[in-house]
Amino acid sequence: MQQETLQQILAVSRNDKTAAIAQFTSLLDQNSDFVAGWLALGTLWRSEGDRLQSKACFHKAYELDSTQIETTICLTQELIALKHFDEAASYLQTAIEQSPDNMDLLVQWGKLERHRGNRAEAIQWFRNVEHVTDQPEHHRDAQVYIVEELRELGQLDEALGLITGILEQWPNHLRSRMVYGTVLHRRNEWSTAVDVYQAILTEHPDYAHARIWLLKAIPQLGNAQADLDRIEAFKAWLESDRHSLAQSNPQDYCKHLIQVCLHLGDRYRQHSQRQKALQAYQQALDLDPNHLWASLNVAIELRDTGKFDQAEAILSNAATTYPHHFNVLMQLGQLERSRQNVDRAVDYLEQAQQVNPENLEPTFKIVEALRDAGQWDGARDRLQILISHQDQYAPHDRARIDIQRGLLDRRYGTHEAALQWFRSAQSKVAEQRSSSISNERGQDALVFQAQWLVIEELRDLGEFEQAKLEIEHSFPQIKSHIRTQL
C-alpha cells in the first residue's frame, strides 16, 4: 500500500512539486518508518533547491536503515553540497567498512575528494572502481571521472589520450563526448571544441551544460558580434522556458543562468554598453547575492559610473563572505583609488599582495595610485621593487615596468628619458608576441598603450613629423582623414 501511494505521489510531483511535498509529509506523519518515502521526499526537496530539508529527510532515512547504500549516497551527497566534508567522510567510512567492494561508495568518496580539492586522491578512488567490477560501462564511467580530474590538474595530454580511447569504444556516449570537448577547450583548441559542443547540441538542443561551455569557447574565435548575439539568444531561451527547466534541476538552472548573465555582461562591457553590462551582472547577483564574480563586476560598473557608495556596499558584502580573497581586496583598493583615498587604496592593495605575493598586479596598482596622487618619489620607490626582480619576469611584465618608468620620467619633466622607456616597452611587447599567443586582450591593450605614449612624447618634444609617421605606421586601420587630424 505504501509503495502504491509513493508511486501516485511521484506522478503528482511531475506537475506539482508543492502538492507532492505536502502529500509526502502527510504520508510520513502516519508512516514515519517508511524509508523509501523519506528518500523520495528528500529528492523532491533537493529538486526545489532546499539542501537543508533534503539533508534532514535523507538523515531520517539513514537512521531507519543505515545498511542501505542508497541512504548513505543520498545523505553524503547533500553533506558534500553543504561542504560538510568531514561529516560526509565519516558516513562513507562506515559504509565502506561494511561494503568495501561497492562501486557507488568508491565513486562517492572520489567525488568527496574532488570537492575537497584533493584531485590526486580523487583519481585513486575512481581507479579503485576497476578492482571491484567487471562491467565495461562502469570502468568507462570511472575513467571519465579520472579525465575530469586530469583536466583540472592541467595534465591535458594524458586526459586527451584517455578520453579519446573511451570514445573509440563508445563514440555516442554523451558524457564522454562532452568531457572530450572540455579537454580540447582547456588545450585552447577552440575551433574543434566548438564543433564538439555544436554537434552535441544538434542532437540534444536542451543540454545546457554544452551551451555553457560553448559560450566560453565562442569568444576565442574572434567574432565579437556573433558571440554577443549567441549569448543573448541563449539567455532568452533559458528565460522563456524557465518553469520546465528549473523544475528538472533548479540549482543547475540557476547556475547556468548566472553564467550566461556574466558572459553577457562581459560582452556588453567589451562593446562599451556599460548600462546593459550592469543590468546583466546585477541579474546574476540577484540570483545569488553571495556570488563572487557577480559582486565584483557589479561593483566595477558602479564604480566606473561614480556610484562609489553603492559599489562599496557590494564589495563590503563580498568581503564578509570572502574576507581574504585577492580579487575582493584588489577591487576595494581600486574603489578607494577612484575616491582618491590613496592611503586606504594602498592598504587594500598591500593586503592583496600578502594574499598572493607572486602576483605583480598589486604593486603596479600601488605605483599608479601614488603617481596619480603626486607622490612621485613614493611611486618610484615601489617601482624599484619590481625593477630589482625584473630579470625573473616575462617580457610583457618588463614592458609594463618600462611604461611606468616612462610615466614617472614624464612627471619629472625628462621627456627624452620617457620616450626611451616607451620605445623599450614597444620592443619587449614585440618580443612577447614573437614567442607566445599574440591575440590576448591584455597584450593588445599594452601594445596600444606603448604606441600611443611614444606618439605623445614625440609631440611634446616637438617632433611632429616623426609623430605623424608613428601614427601612420602604428594605426594604419584608422581612416586617413582622422590620422591627419591626429
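One is the number of the first residue; the rest follow in order along the sequence. Only heavy atoms go into these numbers, but all of them, side chains included; no hydrogens, no water, no symmetry mates.
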message = Show, in sequence, the C-alpha distance, side-chain angles and deciding distance for Glu336 and Asp347, and conclude whether the side chain to side chain contact (heavy atoms under 4.5 Å, CB included) test is met.
response = CA-CA 10 Å; Glu336 294 304 330; Asp347 180 57; over 6 Å; no
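- Ion pair Glu148/Arg175 flagged as a salt bridge, since at least one NZ, NE, NH1 or NH2 atom sits closer than 4.0 Å to an Asp/Glu carboxylate oxygen.
- Environment of NE2 in His204: crowded, with over 12 heavy atoms of neighbouring residues, nucleotides or ligands closer than 6.0 Å.
- For Gln340, the CD atom counts as loosely surrounded, since its 6.0 Å shell holds 12 or fewer non-hydrogen atoms of other residues, nucleotides or ligands.
- In this structure, Arg140 satisfies the cation-pi test against Trp170, with its NZ or CZ atom closer than 6.0 Å to the six-membered ring centre and inside 45 degrees of the ring normal.
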Which side-chain N or O atoms in residues 455-462 pair as donor and acceptor under 3.5 Å with protein atoms at least two apart or in another chain?
from	atom 1	to	atom 2	distance (Å)
Glu456	OE1	Arg410	NH1	3.4
Glu456	OE1	Arg410	NH2	3.1
Glu456	OE2	Trp452	NE1	3.4
Glu457	OE1	His415	ND1	2.7
Glu457	OE2	Arg410	NE	2.6
Glu457	OE2	Arg410	NH2	2.8

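- Under the salt bridge (Lys or Arg N to Asp or Glu O under 4.0 Å) criterion, the residue pairs touching residues 348-357 are Glu350-Arg382, with sequence neighbours excluded.
- For the pair Asp397 (side chain) and Tyr393 (backbone), a donor-acceptor distance under 3.5 Å is absent.
- Residues Asn128 and Gln124 bring a donor and an acceptor atom of their side chains to less than 3.5 Å of each other.
- No side-chain N or O of Asn172 forms a donor-acceptor pair with one of Arg177 less than 3.5 Å apart.
- Side-chain polar atoms of Gln143 and Arg127 form no donor-acceptor pair below 3.5 angstrom.
- Side-chain contact annotation: Trp109 with Glu113, donor-acceptor N/O pair under 3.5 Å present.
- Between Gln270 and Asp266, the side chains place no donor N or O within less than 3.5 Å of an acceptor N or O (distance only, hydrogens not considered).
- Residues Gln282 and Asp286 bring a donor and an acceptor atom of their side chains to less than 3.5 Å of each other.
- If you check the side chains of Arg371 and Gln404, you find a donor sitting under 3.5 Å from an acceptor.
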